[in-house]
Amino acid sequence: MEQSSLTFRYKELERAWDGEKVYEVFIGPQHPASGHMRFIVRLDGDIIVNVEPDIGYVHRTMEKLAETKEYIKSIPLFERATIIDSNNITLGYVRALEKLLGIEVPPRARYLRTLLSEINRIASHLYGLGLAGIFINHSTMFMWGFGDREIWLQLAEELTGARLTHTYSIPGGVRSDLPQDFKDRALKAIRYMERRLKDYMKIFFNNPVTVARYKDIGILKKEDAKRLGIVGPNLRASGVRYDARLVEDYGAYREIDFEVPVREEGDALSRLLLRIDEIKISMDIIRQVLEKIPDGPILAEKYLRLIPPKLRKTMEETGRVKFPGLFASLRPPPGEATARVEMGHGEVFYHIISDGSPKPYRVRIVTPSFRNLLLLRYLPVGHRFMDFPAIYGSVDYFPPEADR
Amino acid sequence: MSILSSVKRHIDAISTGLKYLFASSRMTVRYPEYSITLRDNYRGMIRYYKDKCISCSLCARICPADAIKMYRKAGEKKMYPGINYQRCIFCGFCVSICPADALEHTPVHDIAWESLEEMIFPPEEFGREWVSPALEEGARRVKAVFDEKRGLTHVPE
């Protein structure tokens, strides 16, 4: 019985691939390098003829769960979609919620959000680059990426009180003010990282051993990138200058002078190098934020008024925001709002529908990793099997984010 | 890539590796012997002050993980919060919303329990003071310092 079903499977495959003999290789979901997902790779000899990404292993019904929670409770929930980039992923939700509530964010809070967003972006890129390194067995890159990420996590911890789950942006502002010694410490971290990036180039990105693995591998043409709806560094490495930080007016990006890096080649190497470029730009943005940050409140006036005077005094002393009691059951008027935010992996899109109750009627999240997933289906085809991990690493795909 | 530049880049890569072999920059700390002092704003274990509490139950209402529950003793009218650390995600919403400052974070996070039941703290025990077990056993305190050459290091206080 078992034999006949195997025969059937083989015949089915034979039909599917025009009579060619095709191997099926399953990568994941247990393999440490595959992340929480599975690829069904079909090979003709050593050449990849088809890849089927099989996702959903870490689906946590986040959109549906959000419908059962009061608005503010979804902030810690969505954070867990991309725990390595938690301010950026929640910022989209908070912004859409602010649009529904009709709240203006004070300038200092906008700058602080930008500051943490860029710290998150650097940490996210270092995570992605480290994993790309270990995918091709370069454990030095892995250790360095994860080690240097610790510096940015330390900065984020000093700002927010938590290493990863910052829960920093709230409707109307942010939860804590800049610590006194933060500027000094952040500038030291930036100077260290700038020095360190030169060593990254020497040991990994200019190293002929790794360049041979990445150069001209998995080329994504400009037209294909546009047609497939790719976002983030993967899109910009193919020559398209698109970034949610440019097209949406959020945070302090309009008041900050920065260039979005773009590369033309579209291969795996340029996707990785673009992330290095972005780390440099992010560090420059952090410098400017620390220089230009205006004084003032970090929570919207509308909510500050609701906090008792005694607590407002402790807020000023400790630099930590107290919530008005209203936050436990925010009731936005019926309506819809959308928001886009540029994360480390690309653009995240939120769509909230409110029916006037304390819980959202519907929350839709389109995450960058889900949109970039298509790349894993198209890019590896025609390459040798050993190129598959190199391409996967270069795309910086994050399964929990795509599965939500 | 010409052979000459390829050779140069190989040498660059190897010499960079050798440089770090001799001048390593370790960021980790040998934990039970050394303990990193967390800053005051760290969102660690939560401490409850019953004398300040006004029984408004906002903490239980805003808790996104349903970790905080209001308890009522037989014969008493007022309800007081208790916490279940099996569920707590340390977002600190309860501390932020408390209108009487009856909850606060302590910079302690290295607590472990032997059973799940021990992780539930009714109001009377919610107010206990938290001490790091490593420090109790005489760990040396170190603090995080940023260094332009070595990145993140930890120096004794």
Side-chain angles (χ1 to χ4, degrees), chain A residues 69-70 72-77 79-80 140 144 147-148 150-151 154-155 157-162 165 167 170 175-176 179 184-189 191-193 195-196 198-199 201-204 206-211 215 307-308 310-311 314 318-325 327-329, chain B residues 1 3 5-20 24-28 36 38-44 56-66 89-101 104-105 107 109 144-154:
Chain A
K69 289 174 184 291
E70 281 80 6
I72 199 152
K73 293 186 186 175
S74 292
I75 300 174
L77 172 71
E79 199 163 70
R80 278 151 181 79
T140 305
W144 283 19
D148 287 337
E150 203 62 28
I151 290 161
Q154 177 70 28
L155 282 177
E157 182 191 308
E158 288 174 12
L159 180 61
T160 67
T165 49
T167 328
I170 48 166
R175 285 179 71 192
S176 56
D184 185 41
R185 288 164 86 87
L187 291 179
K188 271 187 189 160
R191 282 197 289 270
Y192 165 76
M193 200 66 211
R195 175 197 294 262
R196 186 82 160 154
K198 287 177 192 148
D199 285 344
M201 297 308 287
K202 281 185 193 158
I203 211 159
F204 193 75
N206 284 338
N207 186 342
V209 179
T210 45
V211 169
K215 188 132 185 64
I307 299 169
K310 199 182 136 217
L311 284 182
T314 44
T318 59
R320 269 170 280 171
V321 159
K322 286 300 238 178
F323 293 173
F327 268 24
S329 55
Chain B
M1 209 187 291
I3 292 180
S5 95
S6 172
V7 169
K8 189 192 168 289
R9 288 173 180 207
H10 274 297
I11 293 171
D12 272 353
I14 294 165
S15 58
T16 309
L18 283 175
K19 188 175 102 188
Y20 282 96
S24 74
S25 48
R26 188 159 57 89
M27 291 181 189
T28 46
I36 301 171
L38 299 162
R39 292 164 78 98
D40 288 341
N41 68 344
Y42 188 84
R43 296 210 305 257
C56 66
S57 77
L58 274 173
C59 49
R61 274 176 62 204
I62 204 168
C63 181
D66 284 343
I89 56 171
F90 299 95
C91 66
F93 277 3
C94 50
V95 176
S96 291
I97 206 164
C98 182
D101 268 339
E104 72 170 22
H105 282 291
H109 69 170
V145 171
F146 286 91
D147 187 287
E148 278 172 39
K149 283 189 181 147
R150 296 193 53 197
L152 191 65
T153 53
H154 295 93

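In the text below, chain A, chain B and the rest are named by the order of the sequence lines, each starting its count at 1.
Counting heavy atoms from C-beta outward, L155(A) and F146(B) have side chains that approach closer than 4.5 Å. A 4.5 Å side-chain heavy-atom check between V209(A) and H10(B) finds at least one atom pair inside the cut-off. By the 4.5 Å heavy-atom criterion applied to side chains, T140(A) and Y20(B) are not counted as neighbours. For the pair F93(B) and I72(A), the minimum side-chain heavy-atom distance is below 4.5 Å. Between D147(B) and Y192(A) the shortest side-chain heavy-atom distance does not fall below 4.5 Å. Contact check for R175(A) versus R43(B): side-chain heavy atoms found under the 4.5 Å cut-off. Counting heavy atoms from C-beta on, the side chains of D12(B) and N206(A) never come closer than 4.5 Å. Contact of the K188(A) side chain with the V145(B) side chain is not registered, since no non-hydrogen atoms from C-beta on lie closer than 4.5 Å.
Atom CG of N41(B) is separated from atom OG1 of T160(A) by 7.5 Å, given to the nearest 0.5 angstrom. Rounding to the nearest 0.5 Å places CZ of F323(A) at 5.5 Å from CD1 of I62(B). The distance from atom CD of E148(B) to atom CZ of R191(A), rounded to the nearest 0.5 Å, is 4.0 Å. Distance NZ/K322(A) to SG/C98(B): 5.5 Å, rounded to 0.5 Å.
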| query | Are E157(A) and L38(B) close enough, and set up right, to give a side-chain contact (heavy atoms from CB on, under 4.5 Å), and what steps lead you there? | reply | CA-CA 9 Å; E157(A) 182 191 308; L38(B) 299 162; 3.7 Å; yes
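The existence of a salt bridge linking K310(A) and D101(B) is excluded, since no basic side-chain nitrogen approaches an acidic carboxylate oxygen closer than 4.0 Å. The pair E158(A)-R39(B) counts as a salt bridge, with a side-chain nitrogen and a carboxylate oxygen less than 4.0 angstrom apart.
Proximity to chain B involves both the backbone and the side chain of I151(A), based on heavy atoms less than 4.5 angstrom apart. Of the two parts of P179(A), only the side chain, counted from C-beta on, holds a non-hydrogen atom closer than 4.5 Å to a non-hydrogen atom of chain B. The contact between C63(B) and chain A is made entirely by backbone atoms, counting heavy-atom distances below 4.5 Å. Using a 4.5 Å cut-off between heavy atoms, T314(A) touches chain B through its side chain atoms alone. The contact between R185(A) and chain B is made by backbone and side chain atoms together, counting heavy-atom distances below 4.5 Å. Using a 4.5 Å cut-off between heavy atoms, D148(A) contacts chain B through both its backbone and its side chain.
Of the possible polar contacts, one joining the K69(A) side chain to the P64(B) backbone as a donor-acceptor pair under 3.5 Å is found.
Your options are S15(B), G17(B), P99(B), and the one with the most heavy-atom pairs under 4.5 Å with chain A is P99(B).
For the residue pair R320(A)/S96(B), the side-chain donor-acceptor check at 3.5 Å is not satisfied.
Considering all non-hydrogen atoms of both residues, I89(B) and R80(A) come closest at CB-NH2, 3.5 Å. When all heavy atoms of S6(B) and P208(A) are compared, the pair lying nearest together is O-CG, 3.6 Å.
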